[in-house]
Amino acid sequence: MRIWIGIAAAALCIATAAAAQSAGGQVVLENNTSVAADLYVDGVYQCTAPAHSDCLAEVDAGGHVATIRFPDGDFIVSDGFDVPADRSVTLPVVDLMA
């Protein structure tokens with residue numbers, strides 16, 4: 001079983017060093033689970049984060065919904081969140097049971 005760590009409250013907005021693209025931002029999947037996880041933003045595949053690793057997706061600034069899919073068919077759907085221009089939003093997931 002996996003848990004989504006407070007997406008609404010804990011989504012971290014941090015400035016990115018490569019903030020030259022003012023029309024977009026980034027979504028980072030912080031995968032602290034024991035299996036790979038696929039990140040979809042607004043229903044479109046973005047990247048795969050291996051177990052205990054991250055992946056980064058370039059997205060347009062504005063409102064989005066993320067889906068994280070696992071190899072066993074489990075998935076997590078986020079609440080809506082905003083990605084500010086030139087910023088990153090981090091979506092952390094962890095295993096509930098190790």
Side-chain angles (χ1 to χ4, degrees):
M1 181 180 259
R2 293 165 190 92
I3 186 169
W4 186 264
I5 305 282
I7 179 67
L12 304 175
C13 292
I14 56 175
T16 61
Q21 303 163 349
S22 61
Q26 300 172 329
V27 177
V28 178
L29 173 57
E30 185 179 279
N31 182 13
N32 297 302
T33 72
S34 57
V35 296
D38 295 332
L39 172 64
Y40 293 78
V41 177
D42 302 325
V44 177
Y45 172 79
Q46 299 294 322
C47 59
T48 298
H52 305 289
S53 189
D54 302 338
C55 74
L56 177 87
E58 299 286 336
V59 298
D60 292 335
H64 298 283
V65 173
T67 303
I68 300 165
R69 296 184 188 272
F70 299 94
D72 63 2
D74 282 349
F75 62 94
I76 300 167
V77 178
S78 74
D79 293 331
F81 60 93
D82 285 323
V83 176
D86 301 330
R87 304 247 178 205
S88 293
V89 173
T90 299
L91 309 176
V93 292
V94 298
D95 284 326
L96 266 181
M97 298 178 210

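Side chains are part of it too, since the values below use all heavy atoms of this structure and drop only hydrogens, waters and symmetry mates. Since the model is a prediction, treat every value here as computed from it, not as a measurement.
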Problem - Contact check, side chains of V27 and Q46, non-hydrogen atoms, under 4.5 Å - result: no
Problem - Smallest separation among heavy atoms of H64 and V83, with atom names - result: CD2-CG2, 3.7 Å
Practice task
Quick one: list whatever passes side-chain contact (heavy atoms from CB on, under 4.5 Å) with A37, sequence neighbours left out.
Solution key: L29, N31, I68, F70
Completion exercise
Smallest heavy-atom separation, L39 atom then A57 atom, equals CD2-CB, 4.0 Å
Problem - Heavy-atom pair of closest approach, residues P84 and A61 - result: C-CB, 4.1 Å
Exercise for the section: Look at atom CZ of F75 and say whether more than 12 heavy atoms of other residues, nucleotides or ligands are closer to it than 6.0 Å. Expected result: no
Fill in the blank from the handout: Between P71 and V35 the two heavy atoms that sit nearest each other are CD-CG2, 4.1 Å
Handout entry: Same apolar cluster (I L V M F W Y, side chains within < 4.5 Å links), V89/I76
Key = yes
Completion exercise
When every non-hydrogen atom of D54 is compared with those of E30, the smallest separation belongs to OD1-CA, 3.3 Å
Handout entry: Side-chain heavy-atom pair D42, V65 within 4.5 angstrom cut-off
Key = yes
Exercise for the section: Could you tell me the separation between the CG atom of L96 and the OG1 atom of T33, rounded to the nearest 0.5 Å? Expected result: 11.5 Å
Exercise for the section: Establish whether V59 and V93 are linked, either directly or via other cluster members, by ILVMFWY side-chain heavy-atom contacts under 4.5 Å. Expected result: yes
Handout entry: Considering all heavy atoms, the nearest S88-Q26 contact
Key = OG-OE1, 2.8 Å
